[in-house]
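Numbered from 1 within each chain, the chains take letters A, B, ... in sequence-line order. Below, all heavy atoms of this structure are taken into account, side chains as well, without hydrogens, waters or symmetry copies.
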Number of protein chains: 2
Amino acid sequence: MTASVGGCRRALEPTSAVGFVGPIADTEISMQPRATLHDVARLAGVSAKTVSRVYSGSSSVSPETRERILEAAKRLHFRPNTLARNLRQGGKTATVAFVMGDIRNPFYFQVAAGIEQELTKNGFTMLLASTGDAPESEPVVVDALLRQLVRALVLIPIAGDQSYLEGERHLGTPIITVDRPANDLVADTVVLANRSGMAEAVRSLTALGHRRIGFISNPSEMYTLTERLAGYRQALAEAGVADSSSWERLGNDRAISPESQVRSLLDSDDPPTAIVTGNNRATMGALRELKARPEEIALIGFDDFELAEMLGISVVAHDPIELGRAAGRLAIERIEHHAGPTRLIEIPTRLVKRGSGEIPAPGPRAD
Amino acid sequence: MTASVGGCRRALEPTSAVGFVGPIADTEISMQPRATLHDVARLAGVSAKTVSRVYSGSSSVSPETRERILEAAKRLHFRPNTLARNLRQGGKTATVAFVMGDIRNPFYFQVAAGIEQELTKNGFTMLLASTGDAPESEPVVVDALLRQLVRALVLIPIAGDQSYLEGERHLGTPIITVDRPANDLVADTVVLANRSGMAEAVRSLTALGHRRIGFISNPSEMYTLTERLAGYRQALAEAGVADSSSWERLGNDRAISPESQVRSLLDSDDPPTAIVTGNNRATMGALRELKARPEEIALIGFDDFELAEMLGISVVAHDPIELGRAAGRLAIERIEHHAGPTRLIEIPTRLVKRGSGEIPAPGPRAD
DNA sequence: CTGTTAGCGCATTCAT
DNA sequence: ATGAATGCGCTAACAG
């Protein structure tokens, strides 16, 4: 189509597989300055303000001049400078920041997807950054984004304390935390129904006669996991098991594998007849370990996964995208009218029975 | 800690599981105006420029005044306005845009993770948007980001033609496409070694005596998949199979399930002894379908997945994060020195043998 | 080491 | 329907 291009598709035939394939064509760029409103105005023979009107869309411009302006703009490759516009309009951007934890965690990305969906739907774009799950980097990352005058901050808190955001909150920036509540900061929050979801799973096991139920988790000192642990204990207490500590394997060290936790449980004096896991990683480990063993152990995992259906693994399922969507909607609502009480939204979970969690307890039932 | 907060942690005990949990505390915000350089300067008894110097870091300020300024800034919750700064500095922001396809596709997010890692390492932040894999939305989304004066554009192209970016390229904005090359646009590109990766997989099957090898893919008209198909055909041709069309099941309709494609292959007059898949989705479908059947079919999937090891599934593995990192590095390099020839980077794949791909062909070997 | 002047690109206010 | 002046918050280029 355009004359100056060509050769791109042909040049792309891979010639090597070691990672780098050399030059294709020369990127000659003349570095023209970017056209401004004034440039367009001059070329169209009108004032800058008239051009501005065309792009603001609000006030009216005669069809002919509008036409001339758009023509001139196209010729100059004009694109309005959002920086300048936002600055003039009192620092109101159309971006929302999302600060997530470890960027490689697919769960967070599902959440990001949900947020992005809602933002885009409302004309906002997402500024994304990650703390790498390092508590000390959270304020730094957040600060960098706030300097960009984002209209709202969606945050997966990792620092021990979010009180450093009090000032920003008073400036009117809505702050929404996702997956975990903030500490020492009033903020809207969206979390999963961690506790009740886990309790439901454990209840389904006690209903089948299980009493010796293992719980494995690593890490275990995060909000979500302490909630799940609480749900587990609560359901066991309801079934008459007051002390579950000997069935709990709680790690806080990445070096401890979920496999070893399961092993420790099953090799103990009084092994469990069922296991529930704190998260996806624990489920994967449990699957690997159980596969290598003869025991028939009931298993319910927290977090759904792609092959769970095929493998017949029962899970406490939830929708991370919905978690993000809820956060995104909250951000939009707060941007549109700041007032109102802080809200806590809990995204429901769903116990999906696929077989692994429906193995009854062995031996005499306690009926 | 802070007096005005409190109650947050306690208030978070879930009271319902239906998705919404009511108000917690009142978000009283007084909506103070944001402090500026001048406000800080006034409070510190210096000129605005001196405050500016403190935040620019370049020129020197006496320790005492610096101290006074930082003190004043803290009291006013001052944060430099990046909009204004960037505007003044000629529209140089520290953001890079990444436009991806369907935001729910975990592959893209892995890529995003890689990009983000490299950007953050170099002080840039990522503006994220998605086209939803809708060709017509690509120019719109891209335009919105370019208005924000991003320093580079990383794009997973979906529109049929990227020539609309020629103008921006001449303005000096580096453009990098990922996963697929651009059409009608000179741009740096990072892709997987789709063709050679698939060829390697098929060769490993022909080496085991397989000749009737199925290939399933849906969609199949995307760049990545036509490349993989080409690799498949090439390897088969090397093994003396000139026409593989009866083993190919190429869909371009989301309604066609990979299961049905596998079924169609295995129920044909001359069923294959091995199957290779075009992508992760096809692998999942093939697994589900093969599980329900008695046939022993060799299988190699394209794209690795979490449980592949446990299930013993051989795959053509690759590193999506590395794909992103390469793109991110390219963006940084281009930002730092624009010149130089266009580059094509190919990220290698790796055939991971886990058993499913090592099933020899049945019947007499062709030795 | 510090202050003054000017202007980045745009939109608001008030003209015409 | 269009134009002229003014300033958003900040920093380059100059003083001093």
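Mapping A:Thr82 and B:Pro63 onto DNA chain C by nearest heavy atom places B:Pro63 at the nucleotide closer to the 5' end. Nearest-nucleotide mapping onto DNA chain D: of A:Ser62 and B:Tyr55, the residue sitting toward the 5' end is A:Ser62.
What separates CZ of B:Arg147 from C1' of C:dA11 is a distance of 15 Å, to the nearest Å. Atom C1' of nucleotide D:dA1 and atom CZ of A:Arg66 are separated by 13 Å, given to the nearest angstrom. The nearest whole Å value for the distance from the CZ atom in B:Phe78 to the C1' atom in D:dC10 is 9 Å. The distance between atom NZ of B:Lys92 and atom P of C:dG9, rounded to the nearest whole Å, is 12 Å. Rounded to whole Å, atom P of C:dC8 lies 14 Å from atom CG of A:Leu83. To the nearest angstrom, P of D:dA12 lies 12 Å from CG of B:Asn86. For the pair A:Leu37 CG and D:dT2 P, the computed distance is 15 Å after rounding to whole Å. Regarding A:Glu64, its CD atom lies at a distance of 8 Å from the P atom of D:dT2, rounded to whole Å.
For A:Asn81, taking side-chain heavy atoms from C-beta onward, the closest of the listed nucleotides D:dC10, D:dT2, C:dC10 is C:dC10. Nearest nucleotide to the B:Leu87 side chain, out of C:dG9, C:dG3, D:dA1: C:dG9. Comparing C:dC8, C:dA11, C:dT2 by their nearest atom to the side chain of B:Thr65 picks out C:dT2. Listed nucleotides: D:dT11, C:dG3, C:dC10. Nearest to the side chain of B:Ser52: D:dT11. Here the nucleotide nearest the side chain of A:Lys49, chosen from C:dC10, D:dA12, D:dG3, is D:dG3.
Within the structure, every side-chain polar atom (N or O) of B:Thr36 is placed at least 4.0 Å from both OP1 and OP2 of D:dG9. OP1 or OP2 of D:dC8 has not a single side-chain nitrogen or oxygen of A:Gln89 nearer than 4.0 Å. Remark: B:Thr50 is in phosphate contact with C:dG3, judged by side-chain N or O atoms under 4.0 Å from OP1 or OP2.
A salt bridge does not link B:Lys74 with B:Glu71: every distance from a Lys NZ or Arg NE/NH1/NH2 to an Asp or Glu carboxylate oxygen is 4.0 Å or more. Looking at A:Arg34 and B:Glu168, a side-chain N of the basic residue comes within less than 4.0 Å of a carboxylate O on the acidic one, giving a salt bridge. Comment: A:Glu336 does not engage A:Arg151 in a salt bridge, judged by the lack of any side-chain N to carboxylate O separation of less than 4.0 angstrom.
With hydrogens and angles ignored, the 3.5 Å screen pairs a side-chain donor or acceptor of A:Asp188 with a backbone N or O of A:Arg343. Checked by atom type and distance alone, the side chain of A:Ser52 never pairs as donor or acceptor with a backbone atom of A:Ala48 at under 3.5 Å.
On a pure distance criterion of 3.5 Å, a polar donor-acceptor pair joins the side chain of B:Arg53 and the base of C:dG3. Counting atom types as modelled, A:Arg88 pairs no side-chain N or O with a base atom of D:dG9 as donor and acceptor under 3.5 Å.
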